[in-house]
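Worksheet: the structure to be examined is printed underneath.
In this text the structure is predicted, and so the values were computed from the model without any measurement. Start at 1 and go down the list; that is how both ligands and their atoms are numbered.
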Amino acid sequence: MKIHFWGTRGSIPSPSTAATPTHEFGGDTTCLSLAWGKDNLLVIDAGSGLRQAGLNWAREGRTSFTFLFTHSHWDHLQGFPFFTPAFQDGVTITIYSPRLPGAHAGNLIERSLHAQQSEPFFPAGFPQLRARFTFHEIQPDQDCKLTSGPDSLQIRAASLPHPGGCLAYRIEGATVGKARSFVFATDHEPPASSPNPLTRLAQDTDLLISDGQYTAAEYKSRVGWGHGTPELCLREAVAARARRLLITHFDPTHSDTTLAGLETEFQKSAQSSGIPVGFARQGQTIDLDPPR
Ligand SMILES: [Zn+2]
Ligand SMILES: [Zn+2]
């Protein structure tokens, strides 16, 4: 299983400028892909990072895509109208997305993708896309299995504290007899107590990817905004006994210099936990399979 980060930024795309360089950690909003089994792809969220990913996959001639959405906030959907393969004949797109408590009738992500890709916001409406779509909903604590020949992926969800709701996912695949897993817990405020649904979901996982958008000082005035800090993510990682922690969903105002400084500081303070920690970078690939 290989994870690739196509977008690591929170809230809004943040292109690199001379005053605020962002090219090292990345300026595109949330989008990851997981390569699994022989030649399968799971795309997690469709932030602006999806645009470049789609161009690459169209060039490779890929025609089958499975998406997994965490929630409907714009920074997790906005790349979809620019996903080149969706405009092509012969492409199939399967979408798994949250059934959140208290949600309106109908599939939340299906409605949201149609809404953002319609007049007056976008000229080429969703119904004009040539790909064939199938939509499925996922509920917390409900297992979902993707299979492809002898390979399979197990997906389990847990609710996160975030305005409007958000799901964290534990994704587990078996390779050479050993199960590997990672947990993607984007947009969330630190859960008030421990153990909580996230701690249980992330128990003994190989990698926890978590939302540490703010510094501790920034968080003081942003309680209730739905995001956390690297230190609070580490608390979750320790409680869950995760083997590695990566921070993502960076604040749009944080330049590469700021993030590099915060990462170094965080790595020093996390040393006593024994958990390797770091900040994700757009363009980074992580191989979760054990060395052969
Ligand atoms: Zn977000
Ligand atoms: Zn959000």
Side-chain angles (χ1 to χ4, degrees), residues 3 5-15 22 25-33 43-53 67-83 95-104 107-113 115-116 137-138 140 157-169 182-192 196-198 201 208-215 218-219 221-230 232-233 236 245-254 259 262 279-282 284:
I3 301 166
F5 287 90
W6 297 95
T8 52
R9 193 63 53 169
S11 308
I12 192 166
S14 312
T22 58
F25 290 88
D28 278 310
T29 56
T30 305
C31 180
L32 286 77
S33 63
V43 187
I44 305 172
D45 280 348
S48 66
L50 180 66
R51 189 190 69 86
Q52 187 58 54
F67 280 77
L68 179 64
F69 282 89
T70 60
H71 66 312
S72 60
H73 283 163
W74 198 29
D75 51 326
H76 300 256
L77 302 187
Q78 64 195 165
F80 204 85
F82 301 90
F83 184 54
I95 295 185
Y96 290 86
S97 64
R99 173 100 204 138
L100 295 166
H104 300 288
N107 184 309
L108 170 72
I109 293 296
E110 185 175 3
R111 280 191 294 116
S112 306
L113 290 176
Q116 77 163 352
E137 288 186 304
I138 292 186
S159 271
L160 292 172
H162 188 62
C166 181
L167 290 189
Y169 293 109
F182 75 98
V183 170
F184 184 58
T186 187
D187 299 41
H188 70 285
E189 198 104 0
N196 52 62
L198 177 57
L201 188 78
L208 171 63
I209 304 169
S210 197
D211 167 2
Q213 177 159 348
Y214 303 136
T215 63
E218 287 166 345
Y219 182 60
S221 60
R222 292 172 191 182
V223 173
W225 289 26
H227 305 284
T229 69
L232 293 166
C233 296
E236 292 164 4
L245 171 66
L246 265 190
I247 302 300
T248 186
H249 207 272
F250 304 123
D251 195 82
T253 63
H254 290 172
L259 289 172
L262 290 172
F279 284 18
R281 280 150 173 85
Q282 183 169 330
Q284 180 179 11

Test ring-ring contact (aromatic ring centres under 6.0 Å, His included) applied to His249 and His73, His76, His188, His254, the passing residue: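 When ring-ring contact (aromatic ring centres under 6.0 Å, His included) is applied between His249 and each of His73, His76, His188, His254, only His76 qualifies.
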
Output field: ring centroids Tyr96/Tyr169 closer than 6.0 Å: no

How far apart are the closest heavy atoms of Ile109 and His71, and which atoms are they?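 Closest approach of Ile109 to His71: CD1-O, 3.6 Å.
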
Could you walk me through whether Thr186 and Asp45 pass the side chain to side chain contact (heavy atoms under 4.5 Å, CB included) test, one step at a time? CA-CA 10 Å; Thr186 187; Asp45 280 348; 4.1 Å; yes

Determine whether Leu262 and Phe250 make a side-chain contact, defined as any pair of heavy atoms from C-beta on separated by less than 4.5 Å. no

The Zn ion (ligand 2) to Cys166: any N/O/S contact under 2.8 Å? no

Those residues at least two apart in sequence (or on a different chain) that pass salt bridge (Lys or Arg N to Asp or Glu O under 4.0 Å) with Arg51 are none

Quick check for you: to the nearest 0.5 Å, what is the distance between Cys31 atom SG and Asp75 atom CG?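 That separation rounds to 12.0 Å.
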
N, O or S atoms of the protein lying under 2.8 Å from the Zn ion (ligand 1): Asp75 OD2, His76 NE2, Asp187 OD2, His249 NE2

What is the name of the N/O/S atom of His162 that is nearest to the Zn ion (ligand 2)?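 When I compare the N, O and S atoms of His162, NE2 is nearest to the Zn ion (ligand 2).
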
